[in-house]
Amino acid sequence: MTVRLRLAHTCDLDPAELGAARALLDEAFGGDFSDDDWDHGLGGMHALVQDGRGLAAHGSVVMRRIRHQGRWLRTGYVEAVAVRPDARRTGLGGRVMGELERVIDRAYDLGALSASEEGALLYAARGWQQWGGQVHVLSPDGIARLEEEEGGVWLRPALAGPLDHGGELVFDWRDGDVT
């Protein structure tokens with residue numbers, strides 16, 4: 001079976017491709033993929049893997065800002081990573097991440113994502129580092145700590161180089177889940 005990987009910006013995906021990606025995410029997350037989650041994955045670069053049955057895997061990287069040690073870092077934030085259930089454990093998630101990491105390494109100060117326990121296995125195997133410091137958000141009411149997100153944030157130092165893991169991260173604000 002031929003597997004084809006494509007990297008494209010949201011603006012280059014037609015409505016059918018976007019619909020297929022949303023359907024894949026809804027299926028992969030068992031209906032627990034909200035409209036806000038979908039919105040978070042738009043406006044950046046998408047890695048899409050097609051096989052003989054259609055869209056088999058998807059992930060995107062969008063720009064966000066994260067403050068660390070007084071500096072706002074241009075961050076490639078990974079969103080909407082999923083593999084069709086019948087195609088899991090075949091390396092497609094790694095192929096998607098490889099393309100997204102290439103974008104991050106060449107275009108951003110930092111890569112970041114929020115991982116489930118299951119997803120963390122993939123990211124750790126690819127060299128992503130679990131953030132051990134505090135996590136905050138710059139909310140409409142000021143900076144607020146997100147203790148429930150601590151331990152679930154993973155980073156990929158890119159152009160910014162190493163980070164102080166004893167420090168804190170301050171995420172930019174967005175609707176829905178912040179991280």
Side-chain angles (χ1 to χ4, degrees), residues 1-34 36-64 66 74-132 149 151-163 165 177 179:
M1 176 182 338
T2 302
V3 175
R4 196 178 79 236
L5 174 66
R6 177 177 175 217
L7 184 68
H9 192 276
T10 301
C11 72
D12 293 322
L13 299 177
D14 65 38
E17 290 173 304
L18 289 170
R22 177 61 195 256
L24 170 69
L25 291 157
D26 286 337
E27 177 184 15
F29 286 94
D32 191 28
F33 194 80
S34 72
D36 284 332
D37 294 332
W38 174 242
D39 188 60
H40 295 164
L42 300 176
M45 298 300 292
H46 299 256
L48 304 105
V49 177
Q50 300 278 343
D51 66 9
R53 294 194 51 221
L55 185 62
H58 173 273
S60 63
V61 62
V62 299
M63 198 196 85
R64 296 195 61 192
I66 296 177
R74 193 178 62 258
T75 302
Y77 200 83
V78 175
E79 294 282 2
V81 176
V83 177
R84 199 177 61 226
D86 68 299
R88 290 183 182 152
R89 309 280 181 251
T90 63
L92 297 184
R95 289 189 64 185
V96 165
M97 287 305 299
E99 278 301 289
L100 300 180
E101 290 162 356
R102 185 175 67 84
V103 171
I104 290 166
D105 292 348
R106 294 181 181 183
Y108 293 101
D109 297 322
L110 176 69
L113 56 83
S114 179
S116 65
E117 286 184 34
E118 183 181 353
L121 298 173
L122 170 66
Y123 308 125
R126 297 189 62 78
W128 287 72
Q129 301 167 0
Q130 186 176 25
W131 176 252
E149 301 297 333
V153 173
W154 291 74
L155 303 177
R156 180 179 181 87
L159 299 174
L163 304 178
H165 283 266
D177 294 329
T179 63

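Please read all numbers here as calculations on a predicted model, not as lab measurements.
A donor-acceptor pair is defined here as one N or O able to donate and one able to accept, closer than 3.5 Å; such a pair exists between the side chain of D37 and the backbone of S34. With hydrogens and angles disregarded, a donor-acceptor distance shorter than 3.5 Å links the side chain of Q130 to the backbone of G151. Of the possible donor and acceptor atoms, one in the side chain of S60 sits under 3.5 Å from a partner among the backbone N and O of G41. Between the side chain of D14 and the backbone N or O of A16, at least one donor-acceptor pair lies under 3.5 Å.
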Inset, instruction - For salt bridge (charged side-chain N to carboxylate O under 4.0 Å, His left out), just list the numbers for E99 and R106, CA-CA rounded to whole Å, side-chain angles, deciding distance to a tenth of an Å, and then say yes or no. - result: CA-CA 11 Å; E99 278 301 289; R106 294 181 181 183; over 6 Å; no
Legend entry - side chain to side chain contact (heavy atoms under 4.5 Å, CB included) between I104 and V61, worked out: CA-CA 8 Å; I104 290 166; V61 62; 3.7 Å; yes
Legend entry - side chain to side chain contact (heavy atoms under 4.5 Å, CB included) between L110 and L159, intermediate numbers included: CA-CA 7 Å; L110 176 69; L159 299 174; over 6 Å; no
Inset, instruction - Starting from the C-alpha separation in whole Å, work towards a yes-or-no answer on side chain to side chain contact (heavy atoms under 4.5 Å, CB included) for D26 and F33. - result: CA-CA 6 Å; D26 286 337; F33 194 80; 3.8 Å; yes
Legend entry - Evaluation steps, side chain to side chain contact (heavy atoms under 4.5 Å, CB included), between L48 and L13: CA-CA 10 Å; L48 304 105; L13 299 177; 3.9 Å; yes
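L18 approaches W38 most closely through the heavy-atom pair O-CH2, 3.4 Å. In plain terms, the two heavy atoms of P157 and G161 that are nearest each other are CB-O, 3.4 Å. A80 and L25 make their closest contact through O-CD2, 3.4 Å (heavy atoms, listed as atom of the first residue, atom of the second, distance). Heavy-atom minimum distance, A57 versus V83: CB-CG2, 4.0 Å. Heavy atoms only, all atoms of each residue included: Q50 and L55 are closest at OE1-N, 3.3 Å.
Of the charged side-chain nitrogens involved, at least one lies within less than 4.0 Å of a carboxylate oxygen, so that D105 and R156 count as a salt-bridged pair. With salt bridges taken as basic N to acidic carboxylate O contacts below 4.0 Å, one links R84 and D86. Salt bridge E27/R88: absent, no basic N to carboxylate O contact under 4.0 Å. Salt bridge R126/E101: present, at least one basic N to carboxylate O contact under 4.0 Å.
Looking only at atom types and distance, the side chain of H165 has a donor-acceptor partner in the side chain of Q129 under 3.5 Å away.
Taking OG1 from T75 and CD1 from I66, the interatomic distance works out to 4.0 Å, rounded to the nearest 0.5 Å. Going from atom CZ of R102 over to atom CG of L7 covers 6.0 Å, rounded to the nearest 0.5 Å. With rounding to the nearest 0.5 angstrom, the CG atom of L122 is 9.5 Å from the OG atom of S116.
Counting heavy atoms from C-beta on, the side chains of L5 and L92 never come closer than 4.5 Å. Between Y123 and L113 there is a side-chain heavy-atom pair separated by less than 4.5 Å. Using a 4.5 Å heavy-atom cutoff, the side chains of L163 and L155 are in contact. Under the 4.5 Å side-chain criterion, counting only non-hydrogen atoms from C-beta, R74 is in contact with M63. Side chains of V78 and W128 form a contact here, defined as non-hydrogen atoms less than 4.5 Å apart. In this structure, S114 and Y77 have side chains that are in contact, with non-hydrogen atoms separated by less than 4.5 Å. Taking 4.5 Å as the limit, every side-chain heavy atom of T2 sits out of range of all side-chain heavy atoms of D51. Side-chain contact between H58 and H46: present, with at least one pair of heavy atoms (C-beta onward) separated by less than 4.5 Å.
Atom CG of D32 has 12 or fewer neighbouring heavy atoms from other residues, nucleotides or ligands inside a 6.0 Å radius.
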